Amino acid sequence: MSAPLPQFRLAAPRTVTEAVAAYRDHPGSRFIAGGTDLLVNMRRGIGNPTYLVDLSGIDELAEIRITDDGVTIGAGVTIAALAQNDVIVARYRALAQAAAAIAGPGHRTMGTVGGNLCLDTRCIYYNQSEWWRSANAYCLKNRGDSCHVAPQGQRCHAAFCGDVAPALLALGAEIDISGTRGTRRIFLSQLYVEDGKAHLALADGELVTAVHLPPDPPASAYAKIRTRAAIDFPLAGVAVALETSGADIVSLRLALTGTNSRPFLLAGTEAFAGRCIDDKLLNEVDRLVQKQVQPMRTTITSANYRRVAAAALARRLITTLGTAGAA
Amino acid sequence: MHAPGPEAKKRLLRLRVNGRWREDAVSETALLVDYLREVAHLTGTKTGCDGGECGACTVLVDGEAVPSCITLAVRCEGRSVETIEALATQGRLGRLQRAFHEKLGAQCGFCTPGMIMAAEALLRHNPQPTDDEIRAALSGNLCRCTGYVKIIESVKAATETVHDR
Ligand SMILES: Cc1cc2nc3c(=O)[nH]c(=O)nc-3n(C[C@H](O)[C@H](O)[C@H](O)COP(=O)(O)OP(=O)(O)OC[C@H]3O[C@@H](n4cnc5c(N)ncnc54)[C@H](O)[C@@H]3O)c2cc1C
Ligand code: SF4
Ligand code: FES
Ligand code: FES
């Protein structure tokens, strides 16, 4: 038999209001959606929730709605459903590509958009068995006193490795959040904090309920590098949204995952408006990426490899989108 | 290892396993793979890793291939779960089982139940998949013996047989 999970109770709310109330009434709660991240960690003795609030039975979270105002994707929509949605595939290309590149087919069937956006951060010293971590005196992120990656520091550098977030950031997504104090809407970029131990700006008991994308998106694409072509999380992932007029750039937005403790939009790309895509521009993008990513030794590959690979992905995606746009 | 939490409650779980409805008292914290192996005594489903990495535990839930080692059993309430044991009927191997046997798709056999269930889900949606489609559908299943070539050939062979299932 598998090592037993910590003892918890499970609540199965039917509405967001019930889910918020169930969490509020039980200190030590966690939300569970597909469970493909949470249960893996719990099986390794990470986190010890005493109460799980199951979001999978909430119908209002499971819908993709397409209107004149854009697209609304419920947090409970599965990764597989997202990857196969006709409108997403045809118009929000980066998002469909990111979803299709997540984990393996079984994880995509179970995993959700909300779980992917709120994924725990990752590190080779953290995603290990209880036994392994205890033999290494744990680490700052969970039960330990120091970080094995940057022992002098007091910060955890575990990397955010969700694939959906960069695609949504490049496409200008906003998200809805519900909690005991009501609902709020923020830009997705405001959800994330550069801290591997506390990377989500959610108050205790708040959950993400939906993602909104504006209508008429520009052309977009997503690519990631990983050790194997399936199953593996991104060592670096890049999403680009590019609007052109003739050979000129109207707007270029680029977002990254896998390199920092948060997914983030590359700063400084507004300056590219009006320029054409040439070697000079690609070199400038390359420099911006290499300057802004902060990979640390949290994966089996070196930090510098991830830095250079992220820049290479950025160049490649912009070139491909530019060529397709000009054709 | 874990600090004691509240006593997990047992629940009456009603679900269909390999076509038959059954009811069992199951802990809310039980994983589907443990329920299948320990309670339903269906030991064909294997555990190959410490959670979600290898696909050996793949079963069908409502026809979709999922890893049963990161699925809570009680979340299968009212659903249909199918395991490798469902594929042989009246002592006759199913078409995928036979093809894996004949084309040497199994060596040690540990990944085989998961491979076959993932392939079964594929063939139900897509009876004539291309090699790339087979590779994609099995991309969450690891094998340490065969090098995968024989596995792809086995699934391909199963699509070419005309059988009862
Ligand atoms: C072997 C393996 C490979 C993987 N590879 C990848 C990969 O390549 N790329 C990738 O992106 N992911 C990968 N994953 C992780 C995971 O499968 C996906 O990210 C999935 O989308 C997570 O969604 P979930 O619903 O299963 O999350 P859960 O495990 O249910 O939840 C994850 C976290 O989010 C919280 N949460 C869930 N829903 C909400 C909500 N609505 N509001 C607030 N908090 C919420 C939970 O409390 C938990 O902390 C992999 C997982 C495994 C096991
Ligand atoms: S970066 Fe340091 S503190 Fe964070 S998980 Fe890795 S070893 Fe632990
Ligand atoms: S045992 Fe379930 S994925 Fe390895
Ligand atoms: S046959 Fe041995 S692991 Fe696949």
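Chain identifiers are assigned alphabetically (A, B, ...) following the order of the sequence lines, protein sequences preceding nucleic acid strands; residue numbering begins at 1 within each chain. Given the structure is predicted, the values throughout are model-derived calculations rather than measurements.
More than 12 heavy atoms of other residues, nucleotides or ligands lie within 6.0 Å of CZ in B:Arg75, so this atom counts as buried by the packing criterion. Enclosure of atom NE2 in B:His101 is not indicated, since only 12 or fewer non-hydrogen atoms of other residues, nucleotides or ligands lie within 6.0 angstrom. Taking a 6.0 Å sphere around CH2 of A:Trp132, one finds it holds more than 12 heavy atoms contributed by other residues, nucleotides or ligands. The environment of B:Lys9 atom NZ is sparse: at most 12 non-hydrogen atoms of other residues, nucleotides or ligands sit within 6.0 angstrom.
Residues meeting the side chain to side chain donor-acceptor pair (under 3.5 Å) test with A:Thr301, sequence neighbours left out: A:Thr299. For the side chain to side chain donor-acceptor pair (under 3.5 Å) test, residues two or more places apart in sequence or in another chain that qualify with A:Ser2 are B:Asp34.
Within residues 103-117 of chain A, the residues approaching chain B closer than 4.5 Å by heavy atoms are, in numerical order, A:Gly104, A:Pro105, A:Gly106, A:His107, A:Thr109, A:Met110. Within residues 10-28 of chain B, the residues having any heavy atom closer than 4.5 Å to a heavy atom of chain A are B:Arg11, B:Glu28, listed by residue number.
Contact of A:Leu38 with chain B is not made at all, since no heavy-atom distance falls under 4.5 Å. Interface remark: B:Val33 contributes side-chain atoms only to the contact with chain A (heavy atom separation under 4.5 Å). For B:Ile70, the parts sitting under 4.5 Å from any heavy atom of chain A are the backbone and the side chain alike. Looking at B:Thr58, there are no atoms closer than 4.5 Å to chain A (heavy atoms on both sides), in backbone or side chain. Neither the backbone nor the side chain of B:Ala118 comes within less than 4.5 Å of any heavy atom in chain A.
Judged purely by distance below 3.5 Å, without hydrogens or angles, the side chains of A:Gln128 and A:Tyr138 never pair a donor atom with an acceptor atom. Side-chain atoms of A:Ser56 and A:Asp54 form a donor-acceptor pair, as typed in the model, at a separation below 3.5 Å.
Salt-bridge check for A:Asp163 with A:Arg226: failed, with every basic side-chain N at 4.0 Å or more from each acidic carboxylate O.
The closest side-chain heavy-atom distance from A:Lys141 to A:Cys123 is not below 4.5 Å.
Heavy atoms only, all atoms of each residue included: B:Leu32 and B:Cys76 are closest at CD2-SG, 3.9 Å. Residues B:Glu38 and B:His41 come closest through the heavy atom pair O-CE1, 3.1 Å.
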